[in-house]
Amino acid sequence: MLSTTRLNKYISETGFCSRREADKLIDAGRIKVNGKTPEMGLKVSDSDDILIDNKPLKAKPKRVYIAYNKPVGVTCTTEKKIKSNIVSAINYPERIFPIGRLDRPSEGLIFLTNEGDIVNKILRAGNNHEKEYIVTVDKSINKRFVDRMAGGLPILDTVTKKCFVKQTGDKKFTIVLTQGLNRQIRRMCEYLGYEVTALKRVRIMNVNLNGLRPGQWRHLSDKEMSEINKAIKGSAKTEEGSIDLNKKDKSVNVKRNVARDAKLKKVGQRKQGTLSLNKRK
């Protein structure tokens, strides 16, 4: 039995255009499915005859999975108007897009693909897929820093999940995340009064850089894809995968951490003699 897919997604997977643009084509009546004008949301399969402006829709391309060592300065966007965009940097002959992102000042491993379904299965926070980073900060770190990074910190109206953190140098540490909050590591370090000076992602799930120099890319091997597909088999690709159990008690945790840090700051100020007590007259 052939699997079916919503028409806009099916068109997008051929590389013809995005889902949003496909919706516009459907709404404008420029698409025919088996000789009829389709309704929005129609599901189709490879056996259906699909025409756009009376021209046959080309077949879906072979699925592509790429591991890329993103250099500092490349932007994780498909917007061609941004000169440093990742798609132009790789210059792959078919339409691909990044799975997730790395900040422009960051470097390291990122996946690119032409398959939409795999993206959310890897990225959703509730799916708990690991990403490993090597981080350098602007001043010396200690056990307290490591413990607090690992234990969870209040950023972006939530508390970060507990994670593995190991000090590897005076100003350097390794961290393994299963979340992907916006600029998460940088925000966590900023919360503790540190600034990230270098950030490199070295692993996503079972895939590492494998000697790729900055700017180089390779296709993921059959073995790597087999392990990834096995790992994401039970992964949610929709909103249930976004559920971060850490957020259940986020308001309590955030308030507790903020109150704790405010108390510590006040104690420090008293020791320095910067606070004055109101005297009764």
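What you see is a predicted model; the values in this text were computed from it and never measured.
A heavy-atom distance below 4.5 Å is found between the side chains of Met149 and Cys189. The closest side-chain heavy-atom distance from Lys230 to Asn206 is not below 4.5 Å. Between Ser45 and Thr4 the shortest side-chain heavy-atom distance falls below 4.5 Å. Side chains of Thr77 and Pro98 form no contact here, defined as non-hydrogen atoms less than 4.5 Å apart. Contact annotation: the side chain of Asp49 approaches that of Asn34 to within less than 4.5 Å [non-hydrogen atoms, C-beta and beyond]. Side-chain contact between Val64 and His219 is present, with at least one heavy-atom pair separated by less than 4.5 Å.
The shortest heavy-atom contact between Pro214 and Pro71 is C-CG, 4.0 Å. Counting all heavy atoms, side chain and backbone alike, Ile232 lies closest to His129 at CG2-NE2, 3.7 Å. Across all non-hydrogen atoms, the minimal contact from Ala67 to Leu109 is CB-CD1, 3.8 Å. Taking all atoms of both residues into account, the shortest heavy-atom contact from Lys162 to Gly151 is CG-O, 3.5 Å.
A distance of 6.0 Å separates CG of Leu220 from CE of Met225, quoted to the nearest 0.5 Å. Rounding to the nearest 0.5 Å places CG of Asn210 at 7.0 Å from CG of Leu212. The distance from atom CD of Gln179 to atom CG of Leu156, rounded to the nearest 0.5 Å, is 10.0 Å. Ile66 CD1 to Ile90 CD1: the interatomic distance, rounded to the nearest 0.5 Å, is 5.5 Å. Of the inter-residue distances, the one linking Thr160 atom OG1 with Ile185 atom CD1 reads 10.5 Å to the nearest 0.5 angstrom. To the nearest 0.5 Å, atom CG of residue Leu102 and atom SG of residue Cys76 are 5.5 Å apart.
In this structure, Asn142 places its CG atom where more than 12 heavy-atom neighbours from other residues, nucleotides or ligands lie under 6.0 Å away.
Phe164 and Tyr133 sit in two unconnected hydrophobic clusters of ILVMFWY residues. Membership requires side-chain heavy atoms under 4.5 Å apart, directly or through other members. One hydrophobic cluster holds both Tyr191 and Val146 under the rule that ILVMFWY side chains link at heavy-atom gaps under 4.5 Å. Linking Ile, Leu, Val, Met, Phe, Trp and Tyr residues whenever their side-chain heavy atoms come within less than 4.5 Å places Leu199 and Leu192 in a single cluster. Cluster membership check: Val72 does not share its hydrophobic cluster with Val202, using side-chain heavy-atom separations under 4.5 Å among Ile, Leu, Val, Met, Phe, Trp and Tyr.
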Between Trp217 and Leu112, is a side-chain contact (heavy atoms from CB on, under 4.5 Å) present by the stated rule, with each step listed?
-> CA-CA 10 Å; Trp217 62 268; Leu112 294 98; over 6 Å; no

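Hydrophobic cluster of Phe16: the remaining members, joined at side-chain heavy-atom separations below 4.5 Å, are Leu7, Tyr10, Ile11, Leu25, Ile26, Ile31, Val33, Met40, Leu42, Val44, Ile50, Ile52, Leu57, listed by chain and number. Taking Ile, Leu, Val, Met, Phe, Trp and Tyr as members and joining any whose side-chain heavy atoms lie under 4.5 Å apart, directly or through other members, Ile82 forms no hydrophobic cluster with any other residue. Counting side-chain heavy-atom gaps under 4.5 Å among Ile, Leu, Val, Met, Phe, Trp and Tyr, Leu51 is found in no cluster with other residues.
Within the structure, the salt bridge (Lys or Arg N to Asp or Glu O under 4.0 Å) test picks out the following pairs touching residues 198-209 (sequence neighbours left out): Glu130-Arg203, Glu132-Arg203. Residue pairs meeting the salt bridge (Lys or Arg N to Asp or Glu O under 4.0 Å) criterion with at least one member in residues 24-45, sequence neighbours excluded, are Arg30-Asp53. Within the structure, side chain to side chain donor-acceptor pair (under 3.5 Å) pairs that include any residue of residues 61-71 comprise Tyr65-Glu115 (at least two apart or interchain). A side chain to side chain donor-acceptor pair (under 3.5 Å) check over residues 87-101, counting only residues at least two apart or in different chains, returns the pairs Asn85-Ser88. Screening residues 186-198 for salt bridge (Lys or Arg N to Asp or Glu O under 4.0 Å), with sequence neighbours left out, gives Asp103-Arg186.
Here the side chain of Thr197 pairs a donor or acceptor atom with the backbone of Thr136 at under 3.5 angstrom.
Lys223 pairs by the side-chain contact (heavy atoms from CB on, under 4.5 Å) definition with Ser221, Glu227, not counting sequence neighbours. With sequence neighbours left out, Arg104 forms a side-chain contact (heavy atoms from CB on, under 4.5 Å) with Thr75, Ser84. A search for side-chain contact (heavy atoms from CB on, under 4.5 Å) contacts involving Ile141 returns Val137, Phe145, Gln167, Phe173, Tyr194, not counting sequence neighbours. In terms of the side chain to side chain donor-acceptor pair (under 3.5 Å) criterion, residue partners of Asp23 (sequence neighbours excluded) are, by chain and number, Asn8.
Using modelled atom types and a 3.5 Å distance limit, the side chains of Ser140 and Asp170 yield a donor-acceptor pair.
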